[in-house]
There are 2 protein chains.
Amino acid sequence: MTRILYSLCGRDENRPFSPHCWKVVMALQHKGLEFIERPVPFTEVPNVENGFSKTVPVLRDGDLLIRDSFDIALYLEETYPNRPSLFGGEGGKALSRFVEGYAQMLVHPVLTRLAVKDIHDMLDEKDQAYFRESRESRLGKKLEDFAAMKPDAAASLVAQLEPMRHMLKFQSYLGGESPLFADYILFGALQWLRITTGSLSLPPDHSVAIWFERCLDLFDGKGRAVA
Amino acid sequence: MTRILYSLCGRDENRPFSPHCWKVVMALQHKGLEFIERPVPFTEVPNVENGFSKTVPVLRDGDLLIRDSFDIALYLEETYPNRPSLFGGEGGKALSRFVEGYAQMLVHPVLTRLAVKDIHDMLDEKDQAYFRESRESRLGKKLEDFAAMKPDAAASLVAQLEPMRHMLKFQSYLGGESPLFADYILFGALQWLRITTGSLSLPPDHSVAIWFERCLDLFDGKGRAVA
């Protein structure tokens, strides 16, 4: 049985950076499942597994193919119920979808402003052309215009992370005493920022920065191994 | 055995409006527990149960007194485990603390801008003096200055509710197919806005407005009965 995770990289395939793929890396580790990671550049995604999906992550689990990070987490929970739970019950599963909404709708837009130029610079030439055109069209700005906005974006990040800071006054992880998939959703977002920009843009004593360090230590430092 | 919920009101004790107290009203209904609600004005809160708490809600359950909406929900879950769960398991309990953070840190500040003058106008004279002084000091503005900011605040509300809109593409409630305490956290926030301003400040076809209507219908329209 071969388990393959297709993820996303730039010129250096040893530095996969997609937030959604990191969620799945952590979920597979959480379940204690072995896998081979195959990072591909943006413009190769449509060729993964004969065009199975327009986006990564894509997981091959034996004969099965699954796309979308949340659907992959649901699949892993259902297929490997005797391994550690990713959701901690039905309530946790339902509320994880809200955490996904928070990450994607309130946190990712700020991270994009912080990281978009650095992401571009990590790509090979073919991907750079695709990335610049698609992102400048979507964001309505030149990639170079984002550098001047970094201080504002860093302040916005602190503001948008206030719900996390509140939660961390009461517990060590979104999942409580130990992490759940909801933690990996936010971890993936900040790991994306860390790998692409080299920094979290947070004060090191911010409780979210300290929580993130705890996540980097999980699974023998799986997240910390990519920098 | 007498169960008493102390909540918050203005001149009209039939229109309790505190978001935190509404969470507990819904949690008690969810558990199918009978109770008497005793709304008090702001300046009477310090006299509730011989000064037990600086804030409401306060729940008396027989000989026990409990303060803080989240602590009350935890108490109810532990004390009445055979009635419908408020959290749907340990994962749901942990993630509900994050939902509390989202509501208080990102949604409540916007609701305050929308409702603060209307809240003032609902209070009796003694409470109005206390409320104006404490709120103008905390917010750094005259209460009258908030009226002009309402259109901006309404736009901010739509933006801050994006995580809810994302979640509602997949399920009917934060809790999944049926509501959990996490739903009552957000319901309490918007019920506060509805009772104090008479409106949700959302387009009626917004998925959060539709979810809110579903919540108003719960428990024989308990929330809808106050307008």
Side-chain angles (χ1 to χ4, degrees), chain A residues 30 68-71 73-74 77 84-110 156-186 189 207-208 211, chain B residues 30 68-71 73-74 77 84-110 156-186 189 207-208 211:
Chain A
H30 185 100
D68 181 86
S69 59
F70 206 98
D71 284 348
L74 293 173
E77 188 77 350
S85 173
L86 286 165
F87 298 111
E90 288 303 310
K93 188 184 289 180
L95 292 188
S96 294
R97 190 62 92 170
F98 172 76
V99 175
E100 178 183 74
Y102 162 74
Q104 290 185 199
M105 307 311 283
L106 298 184
V107 180
H108 280 216
V110 181
S156 293
L157 179 61
V158 170
Q160 297 295 44
L161 290 176
E162 281 290 285
M164 290 286 290
R165 199 175 63 81
H166 174 89
M167 175 276 296
L168 289 167
K169 290 179 193 167
F170 297 91
Q171 55 205 46
S172 299
Y173 294 97
L174 279 156
E177 292 175 19
S178 56
L180 290 174
F181 186 63
D183 287 277
Y184 307 145
I185 292 174
L186 262 293
S207 60
V208 173
W211 159 86
Chain B
H30 185 100
D68 181 86
S69 59
F70 206 97
D71 285 347
L74 293 173
E77 188 76 349
S85 173
L86 286 165
F87 298 111
E90 288 303 309
K93 188 184 289 180
L95 292 186
S96 294
R97 190 61 91 171
F98 172 76
V99 176
E100 179 184 72
Y102 162 73
Q104 290 184 198
M105 308 310 285
L106 298 184
V107 180
H108 279 214
V110 181
S156 293
L157 180 61
V158 170
Q160 297 295 43
L161 290 176
E162 280 292 283
M164 289 287 289
R165 199 176 64 80
H166 174 89
M167 174 277 295
L168 290 167
K169 290 178 192 167
F170 297 91
Q171 55 206 44
S172 298
Y173 293 97
L174 280 154
E177 291 176 17
S178 55
L180 290 175
F181 186 64
D183 286 277
Y184 307 145
I185 292 173
L186 261 294
S207 60
V208 173
W211 159 86

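Here is the naming used below: chain letters follow the sequence lines, and residue numbers restart at 1 for every chain.
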- Residue selection (most heavy-atom pairs with chain A, distance under 4.5 Å) from B:G89, B:A94, B:A182, B:S85: B:A94
- Task: State, yes or no, whether a side-chain contact exists between A:L74 and A:K93 at a heavy-atom distance under 4.5 Å.
- Result: yes
- Return the minimal non-hydrogen interatomic distance between A:L180 and A:L86, and the atom names on each side. CB-O, 3.4 Å
- Task: Measure across B:R165 and B:S207 and return the closest heavy-atom pair with its distance rounded to 0.1 Å.
- Result: CG-OG, 3.3 Å
- Message: Is B:S96 close to chain A through its backbone or its side chain, or both, or neither, when contacts mean heavy atoms under 4.5 Å?
- Response: both
- Please determine, among A:A103, A:G88, A:P163, A:G91, the option with the most heavy-atom pairs under 4.5 Å with chain B. A:P163
- Task: Tell me, for B:L106 versus chain A, whether the close heavy atoms (under 4.5 Å) come from the side chain, the backbone, both or neither.
- Result: side chain
- Task: Taking all non-hydrogen atoms of both residues into account, name the closest pair between B:I185 and B:F70 and its distance.
- Result: CD1-CE1, 4.5 Å
- Leading residue by heavy atom contact count with chain B [cutoff under 4.5 Å; candidates A:Y102, A:F98, A:F87, A:F181]: A:F98
- Compare every heavy atom of B:H166 with every heavy atom of A:M105, then report the nearest pair and how far apart it is. CG-CB, 4.1 Å
- Message: Counting heavy-atom pairs under 4.5 Å with chain B, which one of A:K169, A:E90, A:E177, A:E100 comes out on top?
- Response: A:E100
- Any donor-acceptor pair under 3.5 Å from A:Q160 side chain to A:V110 backbone: no
- Query: Which bit of A:L174 is near chain B, if near means a heavy-atom gap under 4.5 Å: side chain, backbone, both or neither?
  - Reply: both
